[in-house]
Amino acid sequence: MSEQPDSRESAWAKPVDKLRVSGTPTGAINLNVEGKQMVGPLQGFGQLWQKTYRVALSGSSASPQEVVSLLKAKLPELMPSDSRFYPSITGVKPGEVIIINATVPGVPGTISTGVMILYADDESFTVMTPEGHPESGFNTFSASSEDGVTVAQIQSLARANDPIYEFGFRFMGGSSQQEKIWHHVLTQLAAQFKTAANVTMQKTCVDNRLQWSQAKNVWHNAMIRSTLNLPVRTARRVFRGGRGIDAS
Amino acid sequence: MAEKTAAFSAETSMDGETAVIDLRGEINSQAAAAFDAAYSEVARFGAQSILLNFAEVDYINSTGIALIVGLLARARAAHLPIAAAGLSDHYREIFTITRLSDFMEIQ
């Protein structure tokens with residue numbers, strides 16, 4: 001490989017041993033991100049799935065770059081109300097952290113986790129998960145031109161991070177709930193461009209084995225840790241009355 | 001045998017029991033078919049290990065890294081050790097960030 005630096009290399013995040021959150025956005029619960037290591041599709045516990053969600057923005061003249069630019073700017077607004085994204089003040093830039101606060105049926109309170117922007121260029125950006133996140137892997141948001149039509153795509157390559165999450169994805173509706181999230185995002189995106197949303201999904205099991213050596217990941221489980229932290233957050237809210245809650 | 005996309009090719013050859021995949025060009029979404037074809041060649045050759053040679057690769061984007069992850073996952077499921085050679089310092093870093101290097105010898 002050439003040792004001459006390519007200007008596009010700045011699209012990649014710089015190496016980090018552990019995640020650092022530079023300020024908690026207003027209203028966000030910042031838990032289970034600070035100090036966590038990043039984990040990719042090879043580190044988790046469950047079956048490795050590739051899921052590709054696509055929507056053709058037929059009738060829109062928006063370029064792939066314009067679509068990705070809007071995705072970067074409005075991703076929090078495009079998310080469903082039970083899965084809130086809080087980007088840092090600098091937005092979707094390589095190395096930045098997005099805090100995620102989600103609610104899940106049957107789980108009290110808000111689950112707090114996050115993702116790091118691993119890669120961002122004009123036509124795509126990719127987020128990578130930390131320890132404790134329900135998934136271990138990547139999500140890539142992109143757009144391309146196909147036969148003169150701009151197509152927006154979200155592709156995840158991930159496996160459940162630990163046995164509890166794997167059980168939830170397989171038997172508690174977690175997988176379909178997650179698929180609904182990305183359907184929702186692409187539907188909302190199509191609405192931004194005033195086009196009908198015919199969202200398609202293809203899923204492939206890339207590796208159907210369970211990685212039992214990674215069962216220990218349950219120690220970092222953000223759902224359990226967020227639930228255990230709920231009384232602490234409630235007490236802080238009562239005594240301090242703060243809006244942004246940095247519970248790290 | 002070479003498998004080509006617009007700006008990418010993957011050529012598979014055998015060196016003893018190791019399948020060497022020489023990668024050339026840019027590894028992005030356009031490289032998916034060539035990656036699949038190259039892995040099929042590895043299986044056909046009955047290789048005992050895989051060496052990915054990145055010496056002639058110009059650029060890898062995040063979709064390209066996902067393709068490498070997919071190939072690595074399939075190789076691990078088939079108990080085929082994988083190594084990488086010819087990576088620049090930048091992509092050595094990327095393989096570390098993405099934790100690919102946890103499962104791949106970097107030569």
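Order of the sequence lines sets the chain letters (A, B, ...), proteins ahead of strands, with each chain counted from 1.
- Using a 4.5 Å cut-off between heavy atoms, B:S62 touches chain A through backbone and side chain atoms alike.
- With a threshold of 4.5 angstrom between heavy atoms, A:R209 approaches chain B through side-chain atoms but not through N, CA, C or O.
- With respect to A:E96, the side-chain contact (heavy atoms from CB on, under 4.5 Å) criterion is satisfied by exactly one of A:I89, A:T90, A:V21: A:T90.
- Among the candidates A:W12, A:F138, A:F125, the residue making the largest number of heavy-atom pairs closer than 4.5 Å to chain B is A:W12.
- Taking the centre and axis of the six-membered ring of A:F45, the NZ or CZ atom of A:R159 falls outside the cone set by 45° and 6.0 Å.
- Heavy atoms closer than 4.5 Å to chain A are found nowhere in B:N53, neither backbone nor side chain.
- Interface summary for chain A: among B:I97, B:V69, B:T96, B:D102, the most heavy-atom pairs under 4.5 angstrom belong to B:I97.
- Electrostatic pairing of B:R44 and B:E41 counts as a salt bridge here, judged by a charged N lying under 4.0 Å from a carboxylate O.
- Judged by distance alone, the side chains of A:T129 and A:E135 never bring a donor and an acceptor atom under 3.5 Å apart.
- Between the side chains of A:D17 and A:Q37, not a single donor N or O lies within less than 3.5 Å of an accepting N or O.
- Looking at B:S29, neither its backbone nor its side chain comes within 4.5 Å of chain A, counting heavy atoms on both sides.
- A:L42 touches chain B through backbone and side chain together, each having a heavy atom under 4.5 Å away.
- A side-chain N or O of A:D121 and one of A:Y119 form a donor-acceptor pair less than 3.5 Å apart.
- For chain B, no part of A:Q153 is nearby; none of its heavy atoms comes within less than 4.5 Å.
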